[in-house]
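Have a look at the structure below, then the notes.
These numbers come from a predicted model, not from an experiment.
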Amino acid sequence: MYQYRQATPEDLERLWTASIAEHRGDPRYPAWKEEFIHYNQTGMGATFAVIHNGCPIGEGTLLFSPQCSAIRGRTHLADGRRTANINALRIRKKHEGKGHISALVRMMEQYAAEQGYTRLTIGVQARETRNRAIYLHWGYDALVTAEREEGELILYYAKNLNGEK
């Protein structure tokens, strides 16, 4: 059985423990764990989880504040008022392709709209054509910017939650 919800502190702990284990030796993951838990505690962000049989197996985080490290002051990606960013969208491999991330994104969009946000942005590596096609299908079709990050070209797209183009 699958469910989709705003992540609890226990969900966050379990998700990040698994991510750190999967990326053993990568010092970014323990640092990101601290950051993302802080964002949830302070309202700078909100993480949502896909739960399978009581275990979190997927996630996505809405970043609201331009002060978040992934946003780095880029208010065209998240401004703390009307624009938020979908970040760290992932699911365990064996659960991919079953519509869980699509359902999670719809929940995140609804939550953002309820909080007064009218526009969401999402980034994708230019070489990830499958993910880019999915994001375009979801309505993230307005190119906001293209930037180099850690040697990769990242394309940022936006979607207006009120249906306006």
Which pairs would a plain distance check flag for residues 66-73, meaning a side-chain donor or acceptor within less than 3.5 Å of a matching protein atom at least two apart in sequence or in another chain?
residue	atom	partner	partner atom	Å
S69	OG	E35	OE1	2.4
S69	OG	Y39	OH	3.4

Is S65 reaching over with its side chain to a backbone N or O of M44, donor-acceptor style, under 3.5 angstrom?
no
What closest approach, in Å, do A146 and L153 show between heavy atoms, and which atom pair accounts for it?
CB-CD1, 4.1 Å
Look at atom CD of E22 and say whether more than 12 heavy atoms of other residues, nucleotides or ligands are closer to it than 6.0 Å.
yes
I51 pairs by side chain to side chain contact (heavy atoms under 4.5 Å, CB included) with which of H100, Q3, M1?
Q3
If you group Ile, Leu, Val, Met, Phe, Trp and Tyr by side-chain heavy-atom gaps below 4.5 Å, do L62 and Y140 land in one group?
yes
Side-chain H-bond candidate by donor/acceptor type, T118 with N162, under 3.5 Å:
no
Report the C-alpha separation of W32 and D26 in whole Å, then their side-chain angles, then the decisive distance to 0.1 Å, and conclude whether the side-chain contact (heavy atoms from CB on, under 4.5 Å) test is met.
CA-CA 11 Å; W32 287 337; D26 187 333; 5.6 Å; no
Check the angle between the aromatic planes of Y2 and H95 and answer parallel, tilted or perpendicular using the 30° and 60° thresholds.
perpendicular
Reported OG1-to-CZ distance for the pair T145 and R74, which is rounded to 0.5 angstrom
8.0 Å
Using side-chain heavy atoms (C-beta onward) and a distance below 4.5 Å, is K98 in contact with V50?
no
Just verifying a value: how many Å separate L12 CG and Q41 CD, rounded to the nearest 0.5 Å?
8.5 Å
Can a side-chain donor-acceptor contact be found between H76 and Y156 if the only test is distance below 3.5 angstrom?
no
What's the separation between atom OG1 in T75 and atom CZ in R81, rounded to the nearest 0.5 Å?
8.0 Å
H38 backbone acceptor or donor facing T42 side chain under 3.5 Å:
yes
Minimum heavy-atom distance R14-G54, with the two atoms named:
NH1-O, 3.1 Å
For residues I154 and Y157: do they belong to one hydrophobic cluster (side chain heavy atoms under 4.5 Å, members Ile, Leu, Val, Met, Phe, Trp, Tyr)?
no
For R127, what residues pass the salt bridge (Lys or Arg N to Asp or Glu O under 4.0 Å) criterion, not counting sequence neighbours?
E152
Short question: side chain of R132, backbone of A126 - any donor-acceptor pair under 3.5 Å?
yes
Which pair of heavy atoms, one from A49 and one from L104, lies closest together, and at what distance?
O-CD1, 3.7 Å
Just verifying a value: how many Å separate T121 OG1 and N87 CG, rounded to the nearest 0.5 Å?
9.0 Å
Assess whether side-chain contact (heavy atoms from CB on, under 4.5 Å) is satisfied between M108 and L120, documenting all intermediate values.
CA-CA 10 Å; M108 294 167 73; L120 292 181; 5.6 Å; no
Return the set of residues passing salt bridge (Lys or Arg N to Asp or Glu O under 4.0 Å) with R106 (not counting sequence neighbours), or none when no residue passes.
none
Polar side-chain atom of R82 near backbone of G116 as donor-acceptor pair, under 3.5 Å
yes
Roughly how far apart are I57 CD1 and K93 NZ, rounded to 0.5 Å?
13.0 Å
When you group the ILVMFWY residues by side-chain heavy-atom contacts below 4.5 Å and let the links chain together, are F36 and I91 in the same group?
no
Within-4.5 Å side-chain heavy-atom neighbours: L89 and Y135
yes
For the residue pair R92 and H52, establish whether any side-chain heavy-atom pair is separated by less than 4.5 Å.
no
Closest approach of G25 to P27 (non-hydrogen atoms, all atoms of both residues):
O-CD, 3.2 Å
Using the rule that Ile, Leu, Val, Met, Phe, Trp and Tyr join whenever any side-chain heavy atoms are under 4.5 Å apart, tell me whether I122 and L155 fall into a single cluster.
yes
Taking all non-hydrogen atoms of both residues, which atom of A46 and which atom of Y111 are closest, and how far apart?
CB-CE2, 4.1 Å
For N131 and V124, the nearest pair of non-hydrogen atoms, with its separation, is CB-CG2, 3.8 Å
Treating Ile, Leu, Val, Met, Phe, Trp and Tyr as nodes and any side-chain heavy-atom pair under 4.5 angstrom as an edge, say whether Y117 and L63 lie in one connected cluster.
no
Please confirm whether the backbone N or O of I20 pairs with a side-chain atom of K33, one donor and one acceptor, at under 3.5 Å?
no
With rounding to the nearest 0.5 angstrom, report the OG to CZ distance, S19 to R90.
4.5 Å
Assess the residue pair F48 and Q6 against the criterion (side-chain contact (heavy atoms from CB on, under 4.5 Å)); give the C-alpha distance rounded to whole Å, side-chain angles, the decisive distance to 0.1 Å, and a yes or no.
CA-CA 4 Å; F48 295 80; Q6 190 167 355; 3.9 Å; yes
